[in-house]
Amino acid sequence: RYAAPRVSPDGQNTSFFVVNDVGRVELWIANAVGGVAQVDSWTMPRNRIIEPALVADWVDVRTLVVVEQRDWSRGIPETAALRRIVVGADGSATIDDVIELAGRGVDRGIEITELAISEDATDIAWRTRHYADRSATSGRRDTIHLAPVTDLSRDIELTRGAPGNGLAWSDDGRLLLVAIDRGIAIVDVDDLQVEIISGEDPSEYPLWVGSNEVWYSANQDGVQTVMRVNTVVE
């Protein structure tokens with residue numbers, strides 16, 4: 001199967017994953033000049049308890065950040081690596097590790113499930129999923145982290161809670177939408193203030209629609225409903 005296609009800002013490169021039925025993951029890049037080439041690969045164990053997210057995003061026209069889940073133990077990855085791939089004008093690629101993250105405390109394993117890079121490529125946010133049990137459904141919590149693109153080791157934890165899906169930057173790179181703990185939060189990255197903007201229904205997948213309007217999906221008694229919030233953060 002193919003997964004997670006991402007196009008670079010200039011439209012010259014498209015990254016995508018190829019996954020086969022025995023757990024081999026390949027990262028490919030289609031370059032407008034150099035054609036299509038595999039640039040990275042790894043293998044997930046057959047006894048894996050979770051099916052990890054396949055995560056990649058372009059920092060700029062030449063630089064792709066990709067996540068590799070590593071150090072699998074009894075079906076759960078214990079380490080998540082953020083890797084940097086730089087694509088030359090001819091389509092050739094170089095790759096190196098930027099940072100490797102490990103579980104802490106009661107974590108049996110961790111997984112990075114999402115990345116979001118600000119429009120000006122200054123900041124990167126990511127979601128770490130922590131597994132306290134060797135289970136795909138129980139003992140899980142998410143933490144949301146923020147770091148400057150130039151130094152991911154300077155990350156700070158913005159918030160934590162029950163697992164969610166969705167990270168989205170405003171166009172000016174000042175506000176970050178986060179689905180966390182069954183709700184939608186908005187984070188002002190200048191002062192790190194976190195404000196819940198959703199109602200009581202379980203909510204995920206927030207999107208910006210214009211500069212001060214947010215849409216998200218809410219589960220209202222089993223019915224998925226698109227909700228809209230007008231929000232202005234001074």
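Residue indices begin at 1 and follow the sequence shown. Note that the structure is predicted; figures quoted are calculated from it, not measured.
Between atom CG of residue Asp172 and atom OG of residue Ser211 there is a gap of 8.5 Å, rounded to the nearest 0.5 Å. Rounded to the nearest 0.5 angstrom, Asp57 CG and Ser8 OG are separated by 11.0 Å. Taking CH2 of Trp215 as the reference point, atom CD1 of Ile184 lies at 15.0 Å (rounded to 0.5 Å). Taken to the nearest 0.5 Å, the CH2 atom of Trp169 stands 10.5 Å off from the CD1 atom of Ile117. Here CZ of Phe16 is found 6.5 Å from OH of Tyr2. Values are rounded to the nearest 0.5 Å. Put simply, CD1 on Ile144 and OG1 on Thr159 are 7.5 Å apart, with the number rounded to the nearest 0.5 Å.
Atom CD of Glu51 sits in a crowded spot, with more than 12 heavy atoms from other residues, nucleotides or ligands closer than 6.0 Å. Annotation for Arg141: atom CZ counts as buried by contact number, over 12 foreign heavy atoms lying within 6.0 Å.
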Intermediate values then yes/no, side-chain contact (heavy atoms from CB on, under 4.5 Å), Val66 and Phe17: CA-CA 10 Å; Val66 61; Phe17 293 96; 3.7 Å; yes
So Thr225 and Gln220, side chain to side chain donor-acceptor pair (under 3.5 Å) or not? Walk me through it. CA-CA 7 Å; Thr225 305; Gln220 297 183 329; 3.2 Å; yes
Verdict with reasoning, Trp28 to Val18, per side-chain contact (heavy atoms from CB on, under 4.5 Å): CA-CA 8 Å; Trp28 290 68; Val18 178; 3.8 Å; yes
side-chain contact (heavy atoms from CB on, under 4.5 Å) assessment of Arg160 paired with Thr128: CA-CA 9 Å; Arg160 61 172 56 197; Thr128 303; over 6 Å; no
side-chain contact (heavy atoms from CB on, under 4.5 Å) evaluation trace for Leu54 with Val25: CA-CA 9 Å; Leu54 299 172; Val25 179; 3.9 Å; yes
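Checked by atom type and distance alone, the side chain of Asn31 never pairs as donor or acceptor with a backbone atom of Gly35 at under 3.5 Å. No donor-acceptor distance shorter than 3.5 angstrom exists from the side chain of Arg74 to the backbone of Arg48, with no hydrogens or angles considered. Side chain of Trp58 to main chain of Arg6: a donor-acceptor pair is present (N/O by atom type, distance under 3.5 Å, no hydrogens or angles). A donor-acceptor pair is defined here as one N or O able to donate and one able to accept, closer than 3.5 Å; such a pair exists between the side chain of Glu114 and the backbone of Gly166. Under the 3.5 Å distance criterion, the side-chain polar atoms of Thr43 are left unmatched by any main-chain donor or acceptor of Arg24. Side-chain atoms of Asp90 come within 3.5 Å of backbone N or O of Ser92 as a donor-acceptor pair.
Both Val209 and Val226 are assigned to one and the same hydrophobic cluster, defined by single-linkage of ILVMFWY side chains at heavy-atom distances under 4.5 Å. Both Val194 and Leu167 are part of a single hydrophobic cluster, where members link through side-chain heavy atoms under 4.5 Å apart. No chain of hydrophobic side-chain contacts below 4.5 Å, direct or via other Ile, Leu, Val, Met, Phe, Trp or Tyr residues, connects Leu115 to Ile50. Hydrophobic clustering (ILVMFWY, side-chain heavy atoms < 4.5 Å, transitive): Val19 and Ile112 are in distinct clusters. Residues Val187 and Val214 are members of separate hydrophobic clusters, defined by side-chain heavy-atom contacts under 4.5 angstrom among Ile, Leu, Val, Met, Phe, Trp and Tyr.
Side chains of Ile197 and Leu177 form a contact here, defined as non-hydrogen atoms less than 4.5 Å apart. Side chains of Met227 and Ser203 form no contact here, defined as non-hydrogen atoms less than 4.5 Å apart. Side-chain contact check for Ser73 versus Arg134: some heavy-atom pair is nearer than 4.5 Å. Looking at Val36 and Ile29, their side chains never come closer than 4.5 Å, going by heavy atoms from C-beta outward. Between Leu82 and Leu152, the closest side-chain pair of non-hydrogen atoms falls below 4.5 Å. Considering only heavy atoms from C-beta on, Asp133 stays 4.5 Å or farther from Tyr131 through its side chain. Using a 4.5 Å cut-off on side-chain heavy atoms (C-beta onward), Val61 and Gln12 make no contact. For the pair Leu64 and Leu27, the minimum side-chain heavy-atom distance is below 4.5 Å.
Pairing each heavy atom of Gly103 with each of Ile110, the nearest pair is CA-CG2, 3.5 Å. Closest of all the heavy-atom pairs between Gly199 and Tyr216 is N-OH, 3.5 Å. Of all heavy-atom pairs spanning Ile180 and Ala185, the tightest one is CG2-CB, 4.4 Å. Minimum interatomic distance between Pro52 and Met44 (heavy atoms only, all atoms of both residues): CG-SD, 3.4 Å. Considering all non-hydrogen atoms of both residues, Ala93 and Val39 come closest at CB-CG1, 3.7 Å. Shown here for Arg108 and Ala132, the closest heavy-atom pair between the two residues is CG-O, 3.1 Å.
One finds a salt bridge joining Asp188 and Arg174 here, because a Lys/Arg side-chain nitrogen approaches an Asp/Glu carboxylate oxygen to under 4.0 Å. Look at Arg129 and Asp107 and you find no salt bridge, because none of the NZ, NE, NH1 or NH2 atoms lies under 4.0 Å from a carboxylate O.
With 3.5 Å as the limit, one finds a donor-acceptor pair spanning the side chains of Asn165 and Glu204. Side-chain contact, Gln224 with Ser217: a donor N or O sits under 3.5 Å from an acceptor N or O. Thr79 and Glu100 share no donor-acceptor pair across their side chains, judged by distance under 3.5 Å alone. Judged by distance alone, the side chains of His145 and Thr143 do bring a donor and an acceptor atom under 3.5 Å apart. For the residue pair Asp201 and Asn219, no side-chain donor N or O sits within less than 3.5 Å of a side-chain acceptor on the partner.
Remark: of the listed residues Asp97, Thr94, Asp96, Asp96 is the sole one forming a side-chain hydrogen bond (donor to acceptor under 3.5 Å, both in side chains) with Arg84. When Val86, Ile85, Val87 are each tested for a side-chain contact (heavy atoms from CB on, under 4.5 Å) with Ile95, only one passes: Ile85.
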